[in-house]
Amino acid sequence: MAYSSYSNLSRAQLTFEYLHTNSTTHEFLFGALAELVDNSRDANATRIDIYTEKKTELRGGYMLCFLDDGTGMDPSETTHVIQFGKSNKRSPESTQIGQYGNGLKSGSMRIGKDFILFTKKNDTLTCLFLSRTFHEEEGLDEVIVPLPSWDIKTKEPLTSDPEKYAIETELIFKYSPFKNEKQLMEQFNKIEGTLVIIYNLKLMDNGEPELDVETDHQDILMAGTPAEGVKPERRSFRAYAAVLYIDPRMRIFIQGHKVRTKRLSCCLYKPRCYKYSSTRFKTRAEQEVKKADHLAKIAEEKAREAESKRMALEARLGEDLSKDSRAILRKVQDAAMMLRRDADMKKRILEAKQKALKEPKELNFIFGVNIEQRDLDGMFVYNCSRLIKMYEKTGPQLEGGMACGGVVGVVDVPYLVLEPTHNKQDFADAKEYRHLLKSMGEHLAQYWKDTNIAQKGIVKFWDEFGYLSASWSAPPSSELRYKRRRAMEIPLTIQCDKCLKWRTLPFQMDAVDKRYPDSWVCLMNPDSTQDRCDAPEQKQNLPSGVLKKDKPTAEDKQKELAEKIKQQQEKLEALQKTNTIKSAADVRKLPLEVSMKPTESSSQVKTNKKLPVLSVARPRSPPLPAHLKNAPSAPPGRSASQRPTRTSAIPPTPPKVEPSRSRAAAKPPPSAAKPVPKATAKTPPPSRSSRVCYRFDLTKGFIVKVFHMASCTNPTIKQLFSSPDKGLLVEVRVNKEWYTGKVIAVEANKQSVRWKVKFDYVPRSTPKDRWVFKGSDEVRLMRPPSPISQTPDTQQETEKGPAPMEPDTTQPGTSREVTDSLVTMLRTMLRYFFPPAFRIPKDDVNSMTAEELVAFPLLGSCACCISLA
């Protein structure tokens, strides 16, 4: 068919390439499906059916259908569908979801290449056909959209151009799944509102459709998405549709089975509402003010022109009071008066919006604990009741501890506060959205404090609801007693299939795990006051919370100032220590951590610069080899005052060093003055607690000190050998309240062990960390509960037998992690300080095992300045 034959068909005002470009805005495929669900909701539909029909001849093997009972569209309204950006829903006060006139086109083109729409309204039937396949095969650049319509009673075409109607139907029969008018009418017989059918679906690289309809015949799944480690709403469209709206009033059926839609605030334990007011949200309001100002100016100009025309006409007519003159004058006067009224109205609208711009915007933050599945936590942000963002972490949840774990937040933001992006998966103003999340984080911390969960014990709290595993993502116990415990705290809320009102059912022990039918109605409600559809819907009674900002006391301010001063001093000291290194390149070449503990230069060094020190620990300190016992105590060429002690094990040939780095000490360091005792039969081998730490001075190029672990100052070495407790999750009692945290430092002596615990969350007036004694009543390990659901503190009271022996973590152990770290450190040092005349090839160092490294006689084997034992 020639291109000229389509000259009288309807056209979309855009190029063909834009169809694909527009579809790419939906990175989240379920968001594209939701666009079509939104259109049904805006059309006041009470039910939408989302289902598939097999069509093996089509790409993907099936058609995806969206059928609703909404108001539908007449032929003139249907033409708005192909006008991109055209929307009758756009207004500041609108509560409808669609605002851009783009959702149907972008959503359907993201799912497949073609779609056909059937709609019914009043006495007309209308069909709209948008096909990329048609344009590709015909080689068309303009977007041509066949749009035939029929009379609902006679089924006769409504057209004044029979040729146009013939071309439109011919294209539909050729490129759509429906090959004649009879099949088209069969689709109209299905509908009360609108039916959208998408076909020639997009495929993945393996040739399979992106939407999986075979694995679960009651759901539509995201193909290729694993079941583990993925939020259910990102894998299951049934789960996503269940939370798509904050107050669902439309029944959603997927593959013929009803979706159990949720009102999130009714599914949480101990929900609480916090009113939030802010003047920060101004972007959308400022846009509305500019728009209202523009419209007011145009209306004022039109009113002035009409009034000027009226005055000129009155002056010209003068005393002429003929009938025709009076009619003309009255008409002009009425027009001027109407335009003046319109200008005054738009001026009042402008003033109202300018006033609203200065007024704070109020939002309701609702928080509650998800005791059904605690790993599904975070903030759910809605816009005009439509879900935009889900599982957003904020406040204490960002710190990764157990504080605020399992808490879900819900907020519904109107258009006047925040405007969503076109794909309804984010917000247009990122800065204001971040401010919203920050404010929710502050209220979240307040909610956590108000619930007293942390004060009573987080482990104990979750243990009560059946969370017996140490894994946070593990589901709760399926034992009946735990199911009943959870059901007692969260009453079941269900929607009537007729009146669409939500009813809260009273708790019944035998109703736990009961499967309710899809067609549940009010008559089935055991509550006699709510067992009929004409009974008013009960509103959820949410307790109110108030954000209490702790004002810092003088002591808090002093502590904060002292902490800042300490940080600045540490930065200054760090800068001073780098003065011995010539450039940043020298720092980057260092393969090991430099100790932050400075070493003082000898008395002969006038500059008194602090030198960086490298420290390496070894598990044992074997005796010196025989050939090194009588080795010279310093390299040739050095004066006697420059010689370190014999225990330094100085090799005979030191490497070349720069003059600025070859400053020698006037006398040996005090800690290196005592020689290491020889290993004789009377001397026992070094114990684990007496590991030797070798200290290397990079500025001198040889070992300057050998000392025991007790005097080691390198934090990395001390962590490897002295603090296996580091990283433990614990609970600490502060002022009779329990707070969760992590062990970040350990101090041990002969009498006791101290832990430094950094808290996940504490009130502002409480220090962020605290030193506690291990084993005291003020601290307890956050271990997984026992199979009989007892927490560590309750086990001590209920167990009659002796408590199991707990491993002593105060003594340093050689865990796999410690060994690997030590081996890596030794291997790195060998590579970095590798001498030219080493006894083995350089490449063999990388292949040496841990056992070979430990057994290798390093001391005396290396011809360079650094030798290890």
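For the numbers below, each heavy atom of this structure counts, side chains included, while hydrogens, waters and symmetry mates do not.
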Can you tell if the side chain of [X] reaches within under 4.5 Å of the side chain of [Y], non-hydrogen atoms only?
X: Trp462; Y: Val369; value: yes
X: Leu436; Y: Glu432; value: no
X: Leu268; Y: Phe367; value: no
X: Met379; Y: Leu444; value: yes
X: Trp448; Y: Asp760; value: no
X: Val407; Y: Thr451; value: no
X: Arg386; Y: Tyr245; value: yes
X: Arg770; Y: Phe759; value: yes

For [Y], is the NZ or CZ atom of [X] found under 6.0 angstrom from the centre of its six-membered ring and inside 45 degrees of the ring axis?
X: Arg47; Y: Phe253; result: yes
X: Arg503; Y: Trp520; result: no
X: Arg234; Y: Phe30; result: no

Going by side-chain contact (heavy atoms from CB on, under 4.5 Å), [X] matches just one of [options]. Which one?
X: Val730; options: Asp725, Val743, Thr740; answer: Val743
X: Arg238; options: Leu221, Ile252, Asp216, Asp219; answer: Asp219
X: Lys774; options: Leu781, Val753, Val779; answer: Val753

Quick check on [X]: does its [atom1] atom have over 12 non-hydrogen neighbours (other residues, nucleotides or ligands) under 6.0 Å away?
X: Lys501; atom1: NZ; answer: yes
X: Gln540; atom1: CD; answer: yes
X: Asp534; atom1: CG; answer: yes
X: Lys742; atom1: NZ; answer: no

Roughly how far apart are [X] [atom1] and [Y] [atom2], rounded to 0.5 Å?
X: Tyr482; Y: Tyr467; atom1: OH; atom2: OH; value: 12.5 Å
X: Phe365; Y: Arg272; atom1: CZ; atom2: CZ; value: 16.0 Å
X: Met440; Y: Gln397; atom1: CE; atom2: CD; value: 9.5 Å
X: Cys404; Y: Lys449; atom1: SG; atom2: NZ; value: 12.5 Å
X: Ile494; Y: Cys266; atom1: CD1; atom2: SG; value: 12.5 Å
X: Ile246; Y: Asp412; atom1: CD1; atom2: CG; value: 4.5 Å

For a quick check under 3.5 Å, do [X] and [Y] share a side-chain donor-acceptor pair by atom type?
X: Asn39; Y: Glu35; value: no
X: Ser439; Y: Tyr276; value: yes
X: Thr504; Y: Gln538; value: no

Would you find a donor on one side and an acceptor on the other, under 3.5 Å apart, between the side chain of [X] and the backbone of [Y]?
X: Asp68; Y: Ser40; answer: no
X: Gln446; Y: Lys548; answer: yes
X: Gln495; Y: Pro248; answer: yes
X: Arg374; Y: Trp472; answer: yes
X: Ser277; Y: Pro360; answer: no
X: Arg235; Y: Thr225; answer: yes
X: Asn370; Y: Leu376; answer: yes
X: Asn423; Y: His26; answer: no
X: Thr421; Y: Asp426; answer: yes

Worked verdict on Val381 versus Leu418 for side chain to side chain contact (heavy atoms under 4.5 Å, CB included): CA-CA 11 Å; Val381 185; Leu418 280 179; 5.8 Å; no
Looking at every non-hydrogen atom in both residues, tell me the closest pair between [X] and [Y] and how far apart they are.
X: Asp497; Y: Leu500; value: O-CD2, 4.3 Å
X: Cys267; Y: Ile490; value: O-CD1, 3.5 Å
X: Leu363; Y: Pro414; value: CD2-CD, 3.8 Å
X: Arg249; Y: Trp502; value: NH1-CD1, 3.6 Å
X: Tyr240; Y: Leu387; value: CE1-CD2, 4.0 Å
X: Ile458; Y: Ala403; value: CD1-N, 4.4 Å

Would Ser265 and Val410 count as a side chain to side chain contact (heavy atoms under 4.5 Å, CB included) here? Give the steps. CA-CA 7 Å; Ser265 59; Val410 184; 5.6 Å; no
Under the side chain to side chain contact (heavy atoms under 4.5 Å, CB included) criterion, do Val757 and Tyr739 qualify, and how do the steps go? CA-CA 10 Å; Val757 179; Tyr739 298 99; over 6 Å; no
Residue pair Glu489, Arg485: steps toward the salt bridge (charged side-chain N to carboxylate O under 4.0 Å, His left out) verdict: CA-CA 7 Å; Glu489 295 295 344; Arg485 179 71 178 89; 2.6 Å; yes
When you check the gap from the basic side-chain N to the acidic O, do [X] and [Y] get nearer than 4.0 Å?
X: Glu362; Y: Lys275; result: no
X: Asp377; Y: Lys393; result: yes
X: Lys460; Y: Glu464; result: no
X: Glu233; Y: Lys231; result: no

Is the distance from the ring center of Tyr269 to that of Phe465 below 6.0 Å?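 Yes: the rings meet the under 6.0 Å criterion.
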Report the C-alpha distance between Lys483 and Ser478 in whole Å, list the side-chain angles of each, state the deciding distance to 0.1 Å, and finish with yes or no for side chain to side chain contact (heavy atoms under 4.5 Å, CB included). CA-CA 6 Å; Lys483 286 185 177 181; Ser478 58; 4.0 Å; yes
